[in-house]
Asks: 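Here you go, one structure.
As the structure lists them, so they are numbered: ligands from 1, and atoms in each ligand from 1.
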Amino acid sequence: MQNFECTNCGGKIFFANDFCLKCGSKTAFDPETIAMVSLSPIPETNTYQALNGDKNGPVRRYCANAAHNACNWLAEESSEEGFCAACELNDLIPNLGEPDSLEAWQDLERAKKRLIYSLLRFGLPTDATHLGKGRLTFNFVRGQMTGHLNGVITINITEADSVERERRRQYFDEPYRSLLGHLRHESGHFYWNVLIEGTDRIEEFRSLFGDERLDYSQALARHHDSGPAEGWQNLFVSAYASAHPWEDWAETWAHYIHMVDAVETAETEGIDPRAAGITFGFKWPFKKYDAYRAESFQSLQEHWIPLTVALNRLNRSMGHSDFYAFVTPAGAYKKLAFIHRAIRQSASWTKPG
Ligand SMILES: [Zn+2]
Ligand SMILES: [Zn+2]
Ligand SMILES: [Zn+2]
């Protein structure tokens, strides 16, 4: 995540803030510029103009979900319901009259906004209907299984309950479980359809991840009944990734986004990860390195590995569990590199015009 400054006072503003903690100006995230903006209210309306901006600049309003404290993004001008580019993707939200549903949904929206931020930074489309691949869609509901179908991501909102989530993490013997992790994973299934299915990348996909034509429901049932295959640690980012090539892709996809976003955040905070005696013989190029646009996977990896070692040590010094609780085998790095290339070849910014 980038660092944002208030355009009125220069104070630091955080991605989820709807006002500046220093000068009190209203703030919002503008998905068009992928940046936070400070706003000046237009009297007697619910509308705003960018502060210190062009007096004749466009009139802006908050997303309709700001009324529920569930969004701080600017509404899309084209949205009839007044939603932002991220909330437009919701098909179902929980019944807000039920106890705890509002808080759960607010947490899920915060995590979802971080996912959409990454997709915007990568230049990946959220709507692939022109390719016959549908549109990324979110259903936040109570009592349904978390999962995906044809680009529709369903999240069981009980995952937002931190006690319940920890119980499931232990039950499934996972090193890490978070709302953002779920959302990044499930988005991977949509982008498999967009970037791999029916494209000339399918053969390389199969050589790295295996043949996805393997019966999916049987593979998942086998995984849940008898656990991961022996030796999975040598090939996969997680035990669950060994269940089926699609799950391997989605798990690796989520790891790739973890990696890029964490490196960007470290970079914008000026964190220098010369950790645990690991040296790569390079100098951390402060403020110059853009993890979302990194040319080579290797350079990303060279930023990432020392960062995870440093942050794990930092977390241990606070008595927290590890920041990055995975051991990534060499085989999984090849898959991460494949995802890196697939995103870059498809991203809007790499195409001329
Ligand atoms: Zn300010
Ligand atoms: Zn919104
Ligand atoms: Zn999955």
Asks: Checking one value in my table: which N/O/S atom of E247 lies closest to the Zn ion (ligand 3)?
Replies: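 Nearest N/O/S atom of E247: OE1.
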Asks: Checking only N/O/S atoms, does E186 have one that is under 2.8 Å from the Zn ion (ligand 3)?
Replies: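 No N, O or S atom of E186 is closer than 2.8 Å to the Zn ion (ligand 3), so no.
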Asks: When you check the gap from the basic side-chain N to the acidic O, do D290 and R121 get nearer than 4.0 Å?
Replies: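 Counted as a salt bridge, because a side-chain N and a carboxylate O are separated by less than 4.0 Å.
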Asks: To check your reading of the site, what angle at the Zn ion (ligand 1) do SG of C20 and SG of C9 form, to 10°?
Replies: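 Result: 100°, to 10°.
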Asks: Just wondering, do V260 and V263 contact through their side chains at under 4.5 Å, heavy atoms?
Replies: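 With C-beta onward as the side chain, the pair stays apart.
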Asks: Nearest 10° is fine: what angle sits at the Zn ion (ligand 2) between SG from C63 and SG from C84?
Replies: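 Approximately 110° at the metal, rounded to tens of degrees.
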Asks: Can Y176 and S321 be said to form a side chain to side chain contact (heavy atoms under 4.5 Å, CB included), step by step?
Replies: CA-CA 10 Å; Y176 166 90; S321 49; over 6 Å; no
Asks: Regarding H148, does it place an N, O or S atom less than 2.8 Å from the Zn ion (ligand 3)?
Replies: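 Given the 2.8 Å cut-off, H148 does not count as a ligand of the Zn ion (ligand 3).
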Asks: So which of F338, W246, Y191 actually passes side chain to side chain contact (heavy atoms under 4.5 Å, CB included) with I196?
Replies: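 So the option named by the test is F338.
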Asks: Check this for me, if you would: do D127 and R135 make a salt bridge, where the nitrogen-to-carboxylate-oxygen distance has to be below 4.0 angstrom?
Replies: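 Answer for the salt bridge query: no.
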Asks: Before moving on, can you tell me the angle at the Zn ion (ligand 2) between the SG atom of C71 and the SG atom of C87, to the nearest 10 degrees?
Replies: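 About 110° at the Zn ion (ligand 2).
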